[in-house]
Amino acid sequence: MKNSLIPQITLNDGYTMDAIQFGTFKIRGGEGLQETLAAIKDGYRSLDTATNYDNERMVGEAIRHSGIPRADFFITSKLPGKYHQYDEATKAIQESLYRLGLDYLGLYLIHWPLPKRDHYVEAFQAMIDAQKRGLIRSIGVSNFEPEHLDRLVNETGITPAVNQIEVHPYWNNARMLKADQERGIVTEAWSPLGRGSAALQEPIIQDLAKKYGKNSGQIILKWHTQRGIIPVPRSSNLIHQHANKDLFDFELTEEEVKAINGLTKAAGRVDGQDPNVYEEFD
């Protein structure tokens with residue numbers, strides 16, 4: 001059964017997903033398998049992977065090795081840019097399922113919009129059709145801007161369930177969070193702690209950690225969940241894995257959430273990846 005300690009978020013298609021996901025970026029091979037199994041043993045049932053992570057097979061092996069029924073898992077994967085054309089997207093979805101060894105995905109996302117190439121609408125249509133065939137339960141996007149979202153809705157009639165975007169204290173991305181909320185789309189956060197440890201050392205974060213008896217990472221992840229965001233933290237450290245989901249026994253005040261929002265920076269993106277121009281094909 002699913003971990004009752006993790007709240008569920010209802011998507012605009014009626015499906016639910018956990019309020020925190022286990023990210024598997026750069027978690028690969030035998031070590032990755034053991035780290036993912038440890039996360040599952042500790043209660044994670046929502047696992048986030050992608051074709052570009054080169055670890056879908058490992059994630060599938062972790063599910064099978066866990067001894068836990070497949071129905072208890074919510075698995076997300078993502079479509080890479082080189083497969084945006086309709087026929088290629090259709091095959092890519094099938095190949096992801098083959099690598100994972102699964103009959104269906106809980107959520108499938110377009111990894112980046114690549115608007116200069118302009119194939120993301122047909123990629124989304126391929127996902128809609130795969131959803132109708134039962135290969136995907138919920139369909140969404142990643143790193144999409146408002147104009148990309150609106151074009152999908154206008155041309156396909158379907159609103160994405162999720163938009164997974166960059167959000168962390170140095171890039172609070174309030175603009176996109178608001179845009180997603182206005183369209184009934186749930187926001188997920190990749191790199192929810194930022195990369196590196198700078199945000200963890202911010203005085204406001206450390207003061208709140210002392211106040212609530214938590215660590216700095218937990219304060220940041222709680223900041224996400226209280227903004228209505230599903231964070232996708234990645235950790236190979238078993239202690240951190242456990243702490244990352246131990247978020248639901250305390251609440252930040254509205255003023256504390258605003259104080260963390262105030263850490264955002266104009267150039268706060270971890271790798272400067274602007275979805276309007278970023279090109280991703282590998």
Side-chain angles (χ1 to χ4, degrees), residues 7 9 19-23 25-26 48 78 109-113 115 140-150 160 162-212 214-235 240 243-248 250-280:
I9 304 296
I20 186 167
Q21 311 281 292
F22 178 72
F25 179 58
K26 293 189 176 180
D48 179 276
K78 308 179 192 76
L109 309 175
I110 299 176
H111 210 152
W112 288 87
V141 296
S142 184
N143 303 298
F144 271 51
E145 292 285 297
E147 59 270 26
H148 308 143
L149 298 172
D150 290 341
V162 168
N163 189 11
Q164 186 180 115
I165 59 176
E166 180 179 356
V167 189
H168 47 79
Y170 292 152
W171 187 255
N172 71 36
N173 220 341
R175 174 185 63 89
M176 276 312 308
L177 176 59
K178 182 174 184 289
D180 288 343
Q181 290 171 335
E182 290 173 345
R183 292 159 177 78
I185 299 170
V186 169
T187 300
E188 283 188 301
W190 58 263
S191 285
L193 303 176
R195 291 182 187 162
S197 59
L200 300 174
Q201 305 304 317
E202 288 286 345
I204 179 61
I205 302 293
Q206 294 198 334
D207 287 347
L208 290 173
K210 292 176 183 176
K211 174 181 176 180
Y212 291 105
K214 298 290 183 177
N215 65 38
S216 294
Q218 289 169 310
I219 296 299
I220 294 173
L221 294 173
K222 185 65 176 182
W223 166 74
H224 283 286
T225 63
Q226 285 191 222
R227 299 175 74 208
I229 297 170
I230 298 176
V232 188
R234 172 189 65 86
S235 180
H240 291 167
N244 284 348
K245 65 179 178 59
D246 184 20
L247 308 175
F248 304 105
F250 76 104
E251 293 285 320
L252 302 173
T253 68
E254 183 177 345
E255 291 73 21
E256 289 164 350
V257 171
K258 289 179 179 178
I260 299 173
N261 282 342
L263 296 174
T264 199
K265 301 178 180 181
R269 285 188 170 110
V270 293
D271 289 319
Q273 294 169 323
D274 181 348
N276 289 299
V277 297
Y278 181 67
E279 300 266 290
E280 166 266 334

Shortest non-hydrogen contact between [X] and [Y], atoms and distance:
{"X": "G217", "Y": "L193", "result": "O-CD2, 3.7 Å"}
{"X": "P231", "Y": "A19", "result": "CD-O, 3.3 Å"}
{"X": "N276", "Y": "E147", "result": "OD1-OE2, 3.2 Å"}
{"X": "I20", "Y": "L221", "result": "CD1-CD1, 4.4 Å"}
{"X": "H168", "Y": "S191", "result": "CB-O, 3.4 Å"}
{"X": "N244", "Y": "S235", "result": "ND2-CB, 4.1 Å"}

Would you mind reporting whether [Y] and [X] have side-chain heavy atoms less than 4.5 Å apart?
{"X": "V141", "Y": "P113", "result": "no"}
{"X": "P7", "Y": "F248", "result": "yes"}
{"X": "L200", "Y": "I220", "result": "yes"}
{"X": "E202", "Y": "I260", "result": "no"}
{"X": "R227", "Y": "N261", "result": "yes"}
{"X": "N143", "Y": "Q273", "result": "no"}

Do side-chain atoms of [X] reach the backbone of [Y] as a donor and acceptor pair under 3.5 angstrom?
{"X": "H224", "Y": "P192", "value": "yes"}
{"X": "K78", "Y": "S142", "value": "no"}
{"X": "R234", "Y": "F25", "value": "yes"}
{"X": "Y170", "Y": "A267", "value": "no"}
{"X": "K245", "Y": "F22", "value": "no"}
{"X": "E166", "Y": "V270", "value": "yes"}
{"X": "Q218", "Y": "N215", "value": "yes"}

Take K222 and L208 through the side chain to side chain contact (heavy atoms under 4.5 Å, CB included) test and state the conclusion after the steps. CA-CA 11 Å; K222 185 65 176 182; L208 290 173; over 6 Å; no

Roughly how far, to the nearest 0.5 Å, is the CD1 atom of I204 from the CD1 atom of I219? 9.0 Å

Roughly how far apart are H148 NE2 and W112 CH2, rounded to 0.5 Å?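 If we round to the nearest 0.5 Å, H148:NE2 and W112:CH2 are 11.0 Å apart.
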
Can you list everything that forms a ring pair (Phe, Tyr, Trp, His ring centres under 6.0 Å) with W223? Sequence neighbours excluded, please.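 For W223, no residue satisfies ring pair (Phe, Tyr, Trp, His ring centres under 6.0 Å) once neighbours in sequence are set aside.
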
Please list all pairs meeting salt bridge (Lys or Arg N to Asp or Glu O under 4.0 Å) that have one or both residues in residues 254-264, counting only residues at least two apart or in different chains.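 Qualifying pairs, neighbours excluded: K211-E256, E254-K258.
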
Only one of R183, E145, M176 passes side-chain contact (heavy atoms from CB on, under 4.5 Å) with N163; say which it is.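 Of R183, E145, M176, side-chain contact (heavy atoms from CB on, under 4.5 Å) with N163 is met by M176 alone.
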
Give me the one residue out of L177, V232, I229, T264 that meets side-chain contact (heavy atoms from CB on, under 4.5 Å) with V167. I229

Testing the 3.5 Å rule here: is there a donor-acceptor pair between the side chains of Q164 and D48? yes

Starting from the C-alpha separation in whole Å, work towards a yes-or-no answer on side chain to side chain contact (heavy atoms under 4.5 Å, CB included) for V162 and I230. CA-CA 10 Å; V162 168; I230 298 176; 6.0 Å; no

